[in-house]
Each structure stands twice: as structure tokens, then as C-alpha cells.
2 protein chains.
Amino acid sequence: MRFSHQRESIQSIVYSTNSHPTADWVFQKAKKVVPNISLGTVYRNLKQLEDVGLIKTIYDGNIARYDWNQAPHDHLKCKECGELIDIELIDDDVRRKVKNKYQFEVDDVKMVIIGTCHKHKNKGK
Amino acid sequence: MRFSHQRESIQSIVYSTNSHPTADWVFQKAKKVVPNISLGTVYRNLKQLEDVGLIKTIYDGNIARYDWNQAPHDHLKCKECGELIDIELIDDDVRRKVKNKYQFEVDDVKMVIIGTCHKHKNKGK
DNA sequence: ACTTAATTAGTAATGATTCCTATTATTATT
DNA sequence: AATAATAATAGGAATCATTACTAATTAAGT
Ligand SMILES: [Mn+2]
Ligand SMILES: [Mn+2]
Ligand SMILES: [Zn+2]
Ligand SMILES: [Zn+2]
């Protein structure tokens, strides 16, 4: 894989935010640096970056989001504002439990907490 | 919501399998009962059935799958054959932990275990 | 039977993502 | 620095899942 300005930009854009951006969000940002970059290039590079292990893909409903954070962690999906927020709570327990209870080969445990984030205090009730 | 043969069929098809079928799979089956049912009807009814709480939608990557099983449970996604298999391990712990640690309103915890199902014993190594 | 509105089939439209291809840019080699 | 080999790109077409639209049909209450 050889150097490209496009890929550099795309990577640094993903690394610049904690918002788990979509391909299109990255595309909009990237255009400010590489004006006539194409959406296909963004997708292709995001995939490459994932293949090399520089970013991770998170499927949020039916849309792909990208995460620079390689550390094993989970996410809170706020049903008020839709944001996807990092949380670390890692049950290494879970891994063990499944392994013991079902003899499955466990590679990863993906957890999404559906709830309401701190921005919406005193709403319901 | 009034009666329709289409909806009846669609519901019974979803209820007939543990495979977490896609809309298209349901569509293929449904055609055998209602030959000129349309895919749109399948989608519309799946959504209605979900609204009424008769089925649940699971997003598997970027494709929707449907589950008759209302009981809180999690899934194993087999990376060999792609199947989505029910598992019950429900950490009610998790719910408590998040609540205590972050003061989030937690509505649901969705967990997907990525791994290899029993059909692929003695594969790797 | 008559009326009303929900539901449908069929098809067009959408949105996200992937694929295709002629051109361009990077990198290694002279 | 020029040359060659080929990875990467822009732009657009194509695909896939899903939703929207609409005239015709149908369930259900009177
Ligand atoms: Mn994250
Ligand atoms: Mn299930
Ligand atoms: Zn929020
Ligand atoms: Zn399997």
C-alpha cells in the first residue's frame, strides 16, 4: 500500500474525532483538504485502513461508522440524539462465560447499550 | 390494524424459524402462499409486526433480520457460516454496571458474540 | 348492500455502498 | 533526472436494501 494524500487526510479526519463519523461525514471534511476527492475514494480508503488495522468499522443500524479507537470498548447509543458514545466496561467475564457455557470459539464481543446520554437530563417525567 | 392474509403469512413465516430471516427470505417463502405478494408488502408488514411487538428487528452488519423471539437474549454471529444463533447469557450485571458507573438511562443492552459455531469443529489448527 | 379507510401490488425513488475505467501519481530502477 | 511498473484516483454507473407513491382491492362496521 503506497502513500496517498487522500488516505492521509481520511485517516487524520477519522483520528480527529470521537464521534464515530460516517463515510459521508468524512467525505465532507476531506473535500476541504482535497477538493475533488470522490466518495468512492473515501470508502476504498476507509476499508484499506480497516484492513491494516488502523481503524474499526461499527455498524450503527444500517449505516457504517468508523472508529479510530482500537482499544476494546463498547458503545452507548443515545436514542434521543442518536450519538454513539464510547464506554469502557468490558466484561471479560462475558468472554469466559460463553466459552464455558457453549464451547464456542469467541473472537469478540460487541455490545451496544441503548439508552439516553447525559445531555438529556430531566427529560422524561 | 385489520386482518390481512399477507400479514398472517408473514408472521407465521417469521415464527416458523430460528434462523433470523431477512426480508427477502421471508418474501421468497411468502410467495409460495400468496403468489403475487410484493416485497414492499413484506417490509411494510414486518415493520407493523415490530410496532405491535410481535417480532424484533436485528441489524446484522447492514442488513435487517427478524426474530420472533421476544425473550431478552443475545446472539452469536458465526464468522464461518454467517449464521446468527440465539444465546441466553444476559448479564443483568451489565445493566447495573452502566447505570452505576455513568448514570445513563439504560433501556436495552444488545450483545453480539463474534465467533465460530459448533458446526465447524476441528477447523483451525 | 354501502361506505370507509386500511392494505395491497407494482413500480419508482432513495440512500448507502461497491464496481468500473481511463487517467494520474507514487515508488523503484536505471 | 528520466523511465517503467502499477497502485490509487475521480467520476460515474451499478448494485443492494429499503422506502415511498398510487390506483385498485379488500376487510369490517353500518
Ligand atoms: Mn468507539
Ligand atoms: Mn434471536
Ligand atoms: Zn443524547
Ligand atoms: Zn457456523
Side-chain angles (χ1 to χ4, degrees), chain A residues 1-14 17 19-67 75 77 82-84 112, chain B residues 1-14 17 19-67 75 77 82-84 112:
Chain A
M1 188 169 67
R2 60 193 197 191
F3 172 90
S4 96
H5 294 297
Q6 288 85 339
R7 189 177 309 115
E8 287 293 288
S9 310
I10 289 163
Q11 176 174 352
S12 78
I13 288 167
V14 174
T17 180
S19 68
H20 308 94
T22 63
D24 197 68
W25 190 92
V26 174
F27 178 49
Q28 301 308 327
K29 291 279 178 190
K31 278 198 283 198
K32 293 171 183 167
V33 184
V34 186
N36 52 356
I37 193 173
S38 77
L39 185 53
T41 296
V42 173
Y43 275 108
R44 180 167 14 85
N45 280 292
L46 286 170
K47 189 159 293 169
Q48 283 178 134
L49 290 169
E50 160 145 72
D51 288 345
V52 196
L54 283 168
I55 64 176
K56 293 191 94 181
T57 303
I58 304 169
Y59 287 96
D60 176 19
N62 49 10
I63 194 172
R65 294 180 165 278
Y66 302 89
D67 196 345
H75 297 96
K77 169 76 175 179
E83 268 192 60
L84 210 55
V112 179
Chain B
M1 189 167 71
R2 62 189 196 195
F3 171 91
S4 97
H5 294 296
Q6 289 84 340
R7 190 179 308 116
E8 286 294 287
S9 310
I10 289 163
Q11 177 175 349
S12 77
I13 288 167
V14 174
T17 180
S19 69
H20 308 93
T22 63
D24 197 67
W25 192 92
V26 175
F27 179 49
Q28 302 307 328
K29 291 279 178 188
K31 278 198 282 197
K32 292 172 184 169
V33 183
V34 186
N36 53 356
I37 194 173
S38 77
L39 184 54
T41 296
V42 172
Y43 274 107
R44 180 166 16 83
N45 280 292
L46 287 170
K47 189 159 292 168
Q48 283 178 133
L49 290 168
E50 161 145 70
D51 288 346
V52 196
L54 283 168
I55 65 175
K56 295 190 94 181
T57 303
I58 304 168
Y59 287 96
D60 177 19
N62 49 10
I63 193 171
R65 295 182 164 276
Y66 302 88
D67 197 345
H75 297 96
K77 169 78 175 178
E83 268 191 61
L84 210 56
V112 178

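Because only heavy atoms are used, hydrogens play no part in the values below, and waters and symmetry mates are left out as well, while side chains stay in. Chain letters run A, B, ... following the sequence lines, proteins first and then strands; every chain starts at 1.
The side chain of A/Y43 places an N or O atom within less than 4.0 Å of a non-bridging phosphate oxygen (OP1 or OP2) of C/dT17. Here B/H5 reaches the OP1 or OP2 of D/dA27: one of its side-chain N or O atoms lies under 4.0 Å away. Distances shown here put every side-chain N or O of A/S4 at or beyond 4.0 Å from the OP1 or OP2 atom of C/dA25. Close to C/dT8, at under 4.0 Å from its OP1 or OP2, lies no side-chain N or O of B/N36. Dashed line: the shortest gap from a side-chain N or O of A/S38 to OP1 or OP2 of D/dG11 is not under 4.0 Å. In this structure, B/Q6 does not reach the D/dT26 phosphate: none of its side-chain N or O atoms is under 4.0 Å from OP1 or OP2. Within the structure, every side-chain polar atom (N or O) of B/Q48 is placed at least 4.0 Å from both OP1 and OP2 of C/dA6. For the pair B/N62 and C/dG15, the criterion of a side-chain N or O lying under 4.0 Å from OP1 or OP2 is not met. At least one side-chain nitrogen or oxygen of B/T41 sits closer than 4.0 Å to the OP1 or OP2 atom of C/dA9. Note on A/K47: every side-chain N or O is 4.0 Å or more away from OP1 and OP2 of C/dT17.
A donor-acceptor contact under 3.5 Å is not formed by the side chain of B/R7 with the base of C/dT7. Applying the 3.5 Å distance criterion, the base of D/dA7 shares a donor-acceptor pair with the side chain of A/R2.
Looking at heavy-atom distances under 4.0 Å, B/N45 makes contact with sugar-phosphate atoms alone, never a base.
Checked by atom type, the side-chain pair A/T57/A/E50 shows a donor-acceptor distance below 3.5 Å. No donor-acceptor contact under 3.5 angstrom links the side chains of A/Q48 and A/D51, judged on distance only.
In this structure, the side chains of B/F3 and B/R7 stay at 4.5 Å or more apart for every pair of heavy atoms. Looking only at side-chain heavy atoms (C-beta outward), A/H75 and A/H20 come within less than 4.5 Å of each other. Side-chain contact between A/Y66 and A/I58 is absent, with no heavy-atom pair separated by less than 4.5 Å.
Annotation: of the two residues near DNA chain C, B/M1 and A/L39, the 5′-most nearest-nucleotide partner is B/M1.
Using five terminal pairs a side, the axes of the helix from C/dA1-D/dT30 to C/dT30-D/dA1 at its two ends make an angle of 30°, given in steps of 10 degrees.
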